[in-house]
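Below: one structure, written as C-alpha cells.
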Amino acid sequence: MISSVLANSKQGLRSAAAGSSRALMGTHAAKASVSGSVRKPLVLGIRREDKNRWERRVALTPAHVKRLIRETGTTVLVQPSNTRIFNNASFEKAGAVIEEDLSKADAILGIKEVPIAKLIPEKTYLIFSHTHKGQSYNMPSLRAFLDKGIRLIDYELMTDPQTSKRLVLFGRHAGYAGMIDGLHGLGQRLLALGYNSPFIHMGQAHVYPNLECVNTKLRHVANIIADQGLPEAFAPMVFTFTGSGNVTQGARAIFDKLPHENITVDDLPRIFSDRYNDRYKTRLLALQVDAKDYLERIDGGAYSRDEYRAHPERYRSVFAQKIAPYTTMLINGIYWESKYPRLLTTSDLAAIQSQRELKNRMLAIADISCDIGGSIEFMSHASTIDSPFFYVDARDGLVEHKDIEKPGVQINSIDNLPTELPFEASKHFGDSLYPFAKALATGDLDHPVLRHAIICQNGGLEEQHQHLESTMAEARGIRVGDSSKKNVLLAGSGMVSQPLVDYLAKSKDTDITIGMASNDLDEARRLAYQFPNTKVALLNVSDTINLDNLVGECDVVVSLVPAHLHPQIANAAIKHGKSMVTASYLSPEMQKLDSLARAASVTIINEIGLDPGIDHCSAMKVIDQAHAQGDRVRSFISWCGGLAAPENSDNQLGYKFSWSPRGVLTAGLNDARFKVNGKLRQIPSGQLFAYRFKHVPLYPGFAFEGLANRDSLQYADIYGLQLDQMDTMFRGTLRYQGYSEILDCLLKLGLLDLDPQHAIDASSAGEFLTQALGVRSGSSQSAVAKAIAQRLDLQTTDPLLARLMLALE
C-alpha cells in the first residue's frame, strides 16, 4: 500500500549543477553583461513573505518600485498578498505586475528565510538568510542554495567598504518593537507576581498603527510613573542595555521617553545600598554596558578591545557577577559569534536564581539580537508574535515553560520584531536598499556592496565563506524543528473532503493551514468558509504552472480528486519533494512513478481511505495476530462498505453517496478475481452486478448483498499470505439487498457508458433519459416505462420495473 519509500538521491544535485550555467547573472553571464556598453534591465521579483502570518514587511515599497521602474526601465513582479502592509493595488498603481509565478524574475527580493521547497533554482535571492555565521539550524537552507545553483546575497553583509558598517537593516525598528514588547511583558509578569505597575498599560508593538501612537502611550505611562510610582518591592528598577548599534539605539529611543536616570556599572553597589530612597520609586535606571564592563582577562590584566577581537579565548564574561544581580530587565542587542564568550550561561542563571535575595532581579530578558543558543546560552528558540514570552527556571536543571505565574526569567526572543511596525520598517528598509536594488536592476553585480554580500553562487561558496562547508557537514545529521504552521494542500472539495478538513482544523498538536484546491471554486469556498485556517485556491490539474505553484507551497498533498488525475498531482509532488496521500487504489499509472518517487525521497501512500484503507489495516491486525500465535491463514474473507444507517436507506438503491457518485456508479464496470473453496474465479468487466452475492449473512438483522472487489488475489502477497496454501482469498463490497439489481439495469440501459462517442448533450435529467432510451422528448411516463421494459426484457408488471422507475425519478 506504500508505493514508494524514502531513499537518497544525488540526481537533484546533478541537475542543479548541470543547469548552473543558466543562473541569473551567473559568473560568466555577469562578466559578459558588465563588459557590454548597454545593459538590458533585469526583471526583479518581490516575494510574498510566508514564514508566518505576522510577516507583513516588504523589501521595497510601492514608492520605491515606482521610482525604480522610472529610473531603470526594469520590470517588477510582485507576488500577491492579502497580509502585506501595502496592498496589491498600490503596487499595480506604481507600475508593478502582480504575478504569482516569480520564475520569470532574474532576481528575487524578500525579507525572511525562504522555505527550501519554494526556492527557484538558478536565481539571485536577496534576503536575510541567517547562514553566514554558521547557524546550524539554517545549514540545510544553505545547502539548498548551493544545490539549486542560486546566488545568495545577504542583507546583513551589505556593508560600507570603508567603515564596514551595515547599510541595509531593520535594526532600529527591531529595537523599537523589542523594547515595546519588553515593557508589555514586564507589566504582565509583575501582575502575575501580584504587583500592579505602569507597564501594564503597554501593549505589544503590533497593536499600535505607527510610532506616533506608541509615543502617545509612552507619555501616558511616563505620567503614571511620575504620579503613582513603581512597585516598591522591585525598586530600584534597572534596565541594562548591551550593544551600541542600531538595535540598542532603537530600544533606547523607546525607553528614553520614560522618566529615567543614566547610571554606570560602578554606581550599582552604591545605588543598592540606598535602594529604599524614594527617588527610585518615580524613575527607572538605565545602565548602558560595553564589553569592557563585563569582560575580564582570564590571566588578569586590563581589557583591550583589539586583543579581545583577535583573541576572544583569552577573556571570560563576569556579567553574572557584576551586573545581572542588579538588573531588572536585560535588553540584549550585542553582535555575537561562537568564538566569543557568552554573556550569560545556563549555570550563571542557576546561580542567580538560587539566591533568595535576588528573587526580584533578572525578571525579564528582551533578547532583540535573537541568537539562538548564542550570547545567552539558555535562549533556546525564537518566540513568536502570537506567543512572545517563555520562561526559564535553571535552579534544578533547565526547565522551560510558558506559565507566567511560575518561577523563571521571562524571555522575549521574537525573530521578526520589525514586522510589528511594518509600515515604517518597510519604508526605512527600502530607503536604504534602493541604491543597491537599482544597481541590481541594471545588472551591476560588480557593485562593491553587492559583491561583498554574496555568500554563494553557481553551486559554490564564495572564498570568504568557504569555512561554512565544514559547518554544513557537521549539521547534516541535525533535524531542525519547524514551529511554523503546516500547509496541507487538499486537492478536491467533494463529498469526502469535509470530514478531513474538519479533522485537520480541530488539530490540537499542530497548527495547520489547509489549502483547498478545486475546479469548482464556489464549492471549495462553501466548504472553507466553515473552518478556521482555510484558504481557497483554484486548481486546474492540466495547468502545470498552477499545479506546481500550489504543490510547491504546501508541506503535504492529500489528493481526493478522481483517481485518473492522481498521477499528474503525484508528478508535481515528486518534482517539489512533497509527500502525498490518496484514498484511491494503486493504479498502474501511479505504480510507474515508484522509481521517480524513490529517487526524490518522496513518500506517496495510496489506498488509505475506508475501502481501500481501513479494511487493509483491520486485515493486517487479524493476520498479524494469527501469525504471532503460530497459526497459518487458510481462508481470508473481508467485507467492507460505507452504508447509510437503515433508517436513512430510504431510496431504491438503499444507498447514500458519501464520495464521488461517478466513482460509485462506475465501480460496477471493474472486473474481479478471487479464490473460493480452492477454485480461482474471475468476473469480466460489466458482469459484476449480475454475479453478485445475493445474501451475505453477517448479521441476522441486516439484509446485505455483496460484490467482489477488484483483484483480491494480489493482496495475498501484500498481506504476507501464501495464496497457493489458501482455500479462499476474497475481498468484497457490502450493499443493502436490491442495490445491484438497479445498477445492473442502469448498466444494460447504457446509462453507465463511459465511451465519449456515446455522450449525450442534455439540459435536464428527463431529456437525458429520453435520449438514452431513444424515445421522443416529452414522452409520458408509461411510454418511458414501456421502452425500458423492452430494453431489459421485462414484463410491464415486473416489480423491478416499478423500483427502477422510482429510482429514475
Around R279, counting heavy atoms of other residues, nucleotides and ligands shown, do more than 12 lie under 6.0 Å from its CZ?
yes

Heavy-atom side-chain proximity of N412 to S383 below 4.5 angstrom
yes

Residue pair P209 / V207: nearest heavy atoms and the distance that separates them
CD-O, 3.7 Å

Heavy atoms from other residues, nucleotides or ligands near CZ of R305 exceed 12 (cutoff 6.0 Å)
no

Using a cut-off of 6.0 Å, state whether more than 12 heavy atoms not belonging to H428 lie near its atom NE2.
yes

Which heavy atom in T159 sits nearest to a heavy atom in V449, and how many Å separate them?
O-CG2, 3.7 Å

Distance from E469 atom CD to M139 atom CE, nearest 0.5 Å?
10.5 Å

With a cut-off of 6.0 Å (strictly less than), are more than 12 heavy atoms of other residues, nucleotides or ligands near CD of Q466?
yes

Show the nearest heavy-atom pair for residues S413 and C370, with the distance to one decimal.
O-SG, 3.1 Å

Keeping D393 on the side-chain end and R395 on the backbone end, is there a donor-acceptor pair under 3.5 Å?
yes

So that I can tick it off, tell me whether R316 and E296 are bridged by a salt bridge, with the cut-off set at under 4.0 angstrom between side-chain N and carboxylate O.
yes

Start with the C-alpha gap between R189 and I404, add the side-chain angles, then the distance that decides, and say whether side chain to side chain contact (heavy atoms under 4.5 Å, CB included) holds.
CA-CA 6 Å; R189 179 61 165 161; I404 194 171; 4.2 Å; yes

Once ring-ring contact (aromatic ring centres under 6.0 Å, His included) is applied, what residue pairs with a partner in residues 212-237 remain, sequence neighbours excluded?
Y195-F234, H201-H220

Please check if the side chain of D290 supplies one atom and the backbone of D293 the other of a donor-acceptor pair under 3.5 Å.
no

Rounded at 0.5 Å granularity, tell me how far CD1 in I263 sits from CG in L287.
5.0 Å

CE of M472 to OG1 of T131: how many Å apart, nearest 0.5 Å?
9.0 Å

Option among R47, R53, R48 that satisfies the salt bridge (charged side-chain N to carboxylate O under 4.0 Å, His left out) test with D50:
R47

Once the angle between the rings of Y294 and F319 is folded into 0 to 90°, is it parallel (under 30°), tilted (30 to 60°) or perpendicular (over 60°)?
perpendicular

Any I180 side-chain heavy atom under 4.5 Å of M202 side chain:
yes

Output the distance between atom CG (L190) and atom CZ (F199), rounded to the nearest 0.5 Å.
7.5 Å

Give a yes or no on this: more than 12 heavy atoms of other residues, nucleotides or ligands lie within 6.0 Å of atom CG of D396.
no

Under the 3.5 angstrom rule, does the side chain of S470 hit a backbone N or O of H467 as a donor-acceptor pair?
yes

Taking the side chain as everything from C-beta on, heavy atoms only, tell me whether Y326 gets closer than 4.5 Å to P269.
yes

Does R252 make a cation-pi contact with F241, if we ask for NZ or CZ under 6.0 Å from the ring centre and within 45° of the axis?
yes

Say whether, by atom type as modelled, one donor and one acceptor occur between the side chain of D367 and the main chain of I411 under 3.5 angstrom.
no

Does any non-hydrogen side-chain atom of F272 lie less than 4.5 Å from one of R361?
yes

Side-chain touch K112/H130, heavy atoms, less than 4.5 angstrom
yes

Give a yes or no on whether F128 atom CZ has more than 12 heavy-atom contacts from other residues, nucleotides or ligands under 6.0 Å away.
yes

Identify which one of D154, L157, T471, I454 satisfies the side chain to side chain contact (heavy atoms under 4.5 Å, CB included) criterion when paired with H465.
L157

Do N332 and T242 get their side chains close enough for a donor-acceptor pair, meaning under 3.5 Å?
yes

CA sep, side-chain torsions, deciding dist, call: R57, E424, salt bridge (charged side-chain N to carboxylate O under 4.0 Å, His left out)
CA-CA 9 Å; R57 291 174 292 174; E424 287 137 324; over 6 Å; no

Tell me if the CD atom of E357 is crowded by more than 12 foreign heavy atoms within 6.0 Å.
yes

So, D256 side chain and A253 main chain: donor-acceptor pair closer than 3.5 Å or not?
no

Please check if the side chain of R342 supplies one atom and the backbone of G374 the other of a donor-acceptor pair under 3.5 Å.
yes

Candidate pair D274 and R270, rule side chain to side chain contact (heavy atoms under 4.5 Å, CB included), full reasoning:
CA-CA 7 Å; D274 189 30; R270 173 185 56 80; 5.9 Å; no

Working for side chain to side chain contact (heavy atoms under 4.5 Å, CB included), residues V58 and I111:
CA-CA 7 Å; V58 66; I111 302 295; 5.8 Å; no

Taking the side chain as C-beta and beyond, is there a heavy-atom pair between W54 and D386 under 4.5 Å?
yes

At what distance, to the nearest 0.5 angstrom, does OH of Y280 lie from CD of E261?
6.0 Å

Please report the shortest heavy-atom distance between E113 and S129, naming the atom on each side.
CG-O, 3.7 Å

Applying side chain to side chain contact (heavy atoms under 4.5 Å, CB included), run through V392 and I365 and close with a yes or a no.
CA-CA 11 Å; V392 175; I365 298 175; over 6 Å; no

Hey, does the side chain of K292 reach the backbone of Y303 with a donor-acceptor pair shorter than 3.5 angstrom?
no

Residue list, side chain to side chain donor-acceptor pair (under 3.5 Å) with K257, at least two apart or on another chain:
none

Compute the ring centroids of Y315 and Y340, then answer whether they are less than 6.0 Å apart.
no

Smallest separation among heavy atoms of A251 and I368, with atom names:
CB-CD1, 4.1 Å

List the atom of A286, the atom of F255, and the distance in Å for their closest heavy-atom pair.
CB-CE2, 3.4 Å

Got a donor-acceptor contact below 3.5 angstrom from the H260 side chain to the L258 backbone?
yes

Quick one: does any side-chain atom of Q188 pair with a main-chain N or O of H184 as donor and acceptor, under 3.5 Å?
no

Crowding at CD, E212 (>12 non-hydrogen neighbours, <6.0 Å)
no

What about H173 and F429, are their ring centers closer than 6.0 Å?
no

When rounded to the nearest 0.5 angstrom, what is the spacing between CG in L468 and CG in L461?
6.0 Å

Within a strict 4.5 Å, meaning less than it, do heavy atoms of the Q204 and D181 side chains meet?
yes

Taking the side chain as every heavy atom from C-beta outward, state whether Q353 and V409 have any atom pair closer than 4.5 Å.
yes

Set out, in order, the CA-CA distance, both residues' side-chain angles and the distance that settles side chain to side chain donor-acceptor pair (under 3.5 Å) for E400 and S380, then state yes or no.
CA-CA 9 Å; E400 189 176 297; S380 62; 2.6 Å; yes

Does any N or O in the side chain of S317 come within less than 3.5 Å of the main-chain N or O of L343, such that one atom is a donor and the other an acceptor?
yes

